[in-house]
Amino acid sequence: MMTAQVPAFDGQIPVWFTCVLGIIAAAGWLLAGIGLIRLRRQSDVFQPSDPLPLQASPLPVDPFPGCVIVLDDLGYVLHANEEAVAQFGEGVSAILRHPAARSALSAALRARSSLSEEDELPPVCSTTFNLDVPVPRTLHLALRALPVRRYLEGRVIAVLSDRSEAQALDRMRIDFVAHASHELRTPLASLSGFIDALRGPASGDPQAREQFLEIMFQQAARMKRLIDRLLYLSRVQAHEHQKPREIVEVSDLMAVVLGEVAPRFGNSDCTLDLSVEDGLLIRADEDEIVQVLLNLIENALRYARRSPEDPIAIILSAKRAAAMDDRWPKDGGVILGVSDNGKGIESHHLPRLTERFYRVPGAVDPAHAGTGLGLAIVRHILDRHGGRLRLSSAPGRGTNCQVWLPGADPALAQG
């Protein structure tokens, strides 16, 4: 039987074991140092959940009226001026991590590295990109990598601007021209076709001539209504920024509206009920508010009828707004209402009713359809007056239109 002899420990640590411990300790210190460097570098980055640190900037960007941000060559945010913090808040770093922003930063750094002279200023690299969250936005970013020897090393100046509103206005202009052209093209095509027919095959047919002339008259009237609406809408928008100063008594305003619409309710299939509280005053342009109510009544007469046999009942009302009603911008005010007992409108159409040229599909015979500008005119008039429009409807339950307007102080009317 064989036994293994284990050498006795003599109290001395081998040299090789000491070297291994030294290597492990050095590696630990190295890893700890790298971790501290990374932690410090990450602390310079704005995290979406942390407040933006307004550190002192080596560049005087705070007085700039735009959103100015100072970056290093890696894209970390070193400083954001007060305008950038106020407009974009804690989302600055998230915006600058967008792929389009990172590409623009890389282009700015390449442009700086390709300079032939030390004092030459690098070109500006810019990009426009869209963000979908938290709300859809269109942003424009312009960057310039500063010369290394002229300023502090590794600094990039970024100017960020929100172009969402400008893009929306451009899209509205394009849509407006397209819709207006389409609306005018249809009656013009009809007129051209009937004129050709009258000059050719129908020139000797008195019955066809009378029929064609009647249709041509209707199409010409349709174009005139459309052009009149477009001109009126243009006038409203031209002074939309000027707030009305006239004090109007609502009862007088309602009397004007009744005088305008009375001929439309002369037969038994249309009725109009009026309910107006006394002593209601608003600061308004009387002609424009009359136009608002006429447009709402006209829509009710045109779109509310369920069938030729069903009578239409419209209620025109005016009352004081209830206190503590969060549907309106502030307490008080006056609510003007136009409601009907018609066939109603499906809910998914309601948000689009104030768009120009938008009409509910199949709501009425195309030959008797309106211009699609009535509620757009209403919206712009109310924007000028600081008012609001609220529409509620459901199929088979009629439509209720409520117009909220700020009330006027009775003392001003007496003075």
Side-chain angles (χ1 to χ4, degrees), residues 40-178 241:
R40 182 170 181 178
R41 174 59 60 88
Q42 291 175 356
S43 66
D44 292 334
V45 184
F46 292 165
Q47 301 298 329
S49 59
D50 298 333
L52 291 174
L54 291 178
Q55 302 173 357
S57 173
L59 301 172
V61 298
D62 285 326
F64 279 76
C67 300
V68 184
I69 305 162
V70 181
L71 313 174
D72 65 7
D73 285 356
L74 296 178
Y76 295 112
V77 177
L78 303 178
H79 183 78
N81 69 350
E82 294 182 2
E83 183 70 20
V85 175
Q87 187 166 348
F88 298 100
E90 301 173 1
V92 171
S93 61
I95 292 172
L96 295 176
R97 288 196 295 269
H98 191 277
R102 304 297 296 181
S103 299
L105 175 62
S106 300
L109 296 176
R110 289 195 301 270
R112 183 180 64 186
S113 62
S114 61
L115 293 180
S116 57
E117 299 180 5
E118 294 182 359
D119 295 334
E120 187 178 355
L121 195 62
V124 174
C125 297
S126 61
T127 183
T128 301
F129 54 95
N130 297 318
L131 294 180
D132 296 327
V133 292
V135 293
R137 304 175 80 174
T138 299
L139 302 178
H140 179 79
L141 179 66
L143 302 104
R144 170 171 279 164
L146 302 180
V148 174
R149 296 187 180 180
R150 186 175 179 181
Y151 296 96
L152 294 178
E153 183 176 358
R155 294 293 182 266
V156 179
I157 295 294
V159 178
L160 189 61
S161 57
D162 192 336
R163 296 190 175 179
S164 304
E165 184 176 359
Q167 188 184 54
L169 291 175
D170 289 339
R171 186 169 56 251
M172 288 176 59
R173 292 189 189 99
I174 294 172
D175 292 342
F176 177 77
V177 172
H241 62 284

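Since the structure is predicted, the reported quantities are computational estimates derived from the model, not experimental observations.
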Intermediate values then yes/no, side-chain contact (heavy atoms from CB on, under 4.5 Å), V77 and L71: CA-CA 5 Å; V77 177; L71 313 174; 3.8 Å; yes
Under 3.5 Å donor-acceptor, R144 side chain and A108 backbone: no
Pairing residues for A104 by the side chain to side chain contact (heavy atoms under 4.5 Å, CB included) criterion, not counting sequence neighbours: T127, L143
Residues that S106 engages under side chain to side chain contact (heavy atoms under 4.5 Å, CB included), provided they are two or more places apart: R110
Shortest non-hydrogen contact from [X] to [Y]?
{"X": "R102", "Y": "L74", "value": "NH2-O, 3.0 Å"}
{"X": "L109", "Y": "A145", "value": "CD2-CB, 4.1 Å"}
{"X": "S161", "Y": "F88", "value": "C-CZ, 4.5 Å"}
{"X": "L105", "Y": "G75", "value": "CD2-CA, 3.5 Å"}
{"X": "S114", "Y": "A111", "value": "OG-O, 2.9 Å"}
{"X": "G66", "Y": "E83", "value": "O-CB, 3.4 Å"}

Reported OG-to-CG distance for the pair S164 and L139, which is rounded to 0.5 angstrom: 6.0 Å
Nearest-0.5 Å distance, CZ of residue R137 to CD1 of residue I95: 6.0 Å
Residues forming a side chain to side chain donor-acceptor pair (under 3.5 Å) with [X], sequence neighbours excluded:
{"X": "T128", "result": "H140"}
{"X": "N130", "result": "T138"}
{"X": "S103", "result": "none"}

Heavy-atom side-chain contact between V70 and R155 under 4.5 Å: yes
Partners meeting ring pair (Phe, Tyr, Trp, His ring centres under 6.0 Å) with H98 (sequence neighbours left out): F129
